[in-house]
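Note: hydrogens, waters and symmetry copies are ignored here, and every other heavy atom, side chains too, is used. Read the numbers this way: they start at 1 and go in the same order the structure lists the ligands and their atoms. Note that the structure is a prediction, hence the values are computed from the model and not measured.
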Amino acid sequence: MESKEKFRTVRGYQLLQQESEELTPAMEDYLEMIYRNNLESGLLRSNMLSKLLNVHPSSVTKMLQKLNASGYVDYQKYGLIFLTQKGRRMGKFLYHRHNIIQKFLNFLGDGENPLSETELIEHHIRPDTLENIELFMDFIEKNPDVAERFQAYKNNYNK
Ligand code: ZN
């Protein structure tokens, strides 16, 4: 099976997960958001980040200093925020992890708000579970008949 992501192995996930254990959920959210923003525009300052994450500017400054000190971002007060190589690697993993979980919740389809639930799950999921979900979603995408049968089964069950 071809894979789009180089780290897409349980081992790769484990390594990143171990590394991410030095990160709090909030730090993960920041790195994920900075990475996401880099994909879109690339120019990011702390006031923009504060809006995107809906956090007070002073908290953003504190967190950026923390991420700077742990080598994830390059940041000078009022300047642009850049991910270091370490930060980019981690951001990519966190972004990818988020997307897998959200895709899965969307597939299950009864989430009131799959986004906020993803935000809760993503920080606590084990690497092997993440790998299994990714594999499962690959399988579902390659077998649309299975997806349809599941949806029909579910609709019937809910009646
Ligand atoms: Zn997320």
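Salt bridge present: Lys103 and Glu141 bring a charged side-chain N and a carboxylate O closer than 4.0 Å.
Around the Zn ion (ligand 1), the protein atoms of type N, O or S that sit closer than 2.8 Å are Glu32 OE1, Glu32 OE2, His98 ND1, Glu122 OE1, Glu122 OE2.
Judged as a side chain to side chain contact (heavy atoms under 4.5 Å, CB included), and not counting sequence neighbours, the contacts of Ser50 are Pro57, Val60.
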For residues 27-38, dump all side-chain donor-acceptor pairs below 3.5 Å to protein atoms at least two apart in sequence or in another chain.
{"from": "Glu28", "atom 1": "OE1", "to": "Arg97", "atom 2": "NH2", "distance (Å)": "2.7"}
{"from": "Glu28", "atom 1": "OE1", "to": "His123", "atom 2": "ND1", "distance (Å)": "2.6"}
{"from": "Asp29", "atom 1": "OD1", "to": "His123", "atom 2": "NE2", "distance (Å)": "3.0"}
{"from": "Glu32", "atom 1": "OE2", "to": "Arg36", "atom 2": "NH2", "distance (Å)": "2.8"}
{"from": "Glu32", "atom 1": "OE2", "to": "His98", "atom 2": "ND1", "distance (Å)": "2.9"}
{"from": "Asn37", "atom 1": "OD1", "to": "Ser41", "atom 2": "OG", "distance (Å)": "3.4"}

Less than 3.5 Å apart, which donor and acceptor atoms pair up between the side chains of residues 65-76 and the rest of the protein, not counting sequence neighbours?
{"from": "Asn68", "atom 1": "OD1", "to": "Tyr75", "atom 2": "N", "distance (Å)": "3.1"}
{"from": "Ser70", "atom 1": "OG", "to": "Lys66", "atom 2": "O", "distance (Å)": "2.6"}
{"from": "Tyr72", "atom 1": "OH", "to": "Glu22", "atom 2": "OE2", "distance (Å)": "3.4"}

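Residue Asn156 holds its CG atom at 14.0 Å from CZ of Arg149, rounded to the nearest 0.5 Å. Taken to the nearest 0.5 Å, the CG atom of Asn47 stands 9.5 Å off from the OG1 atom of Thr61.
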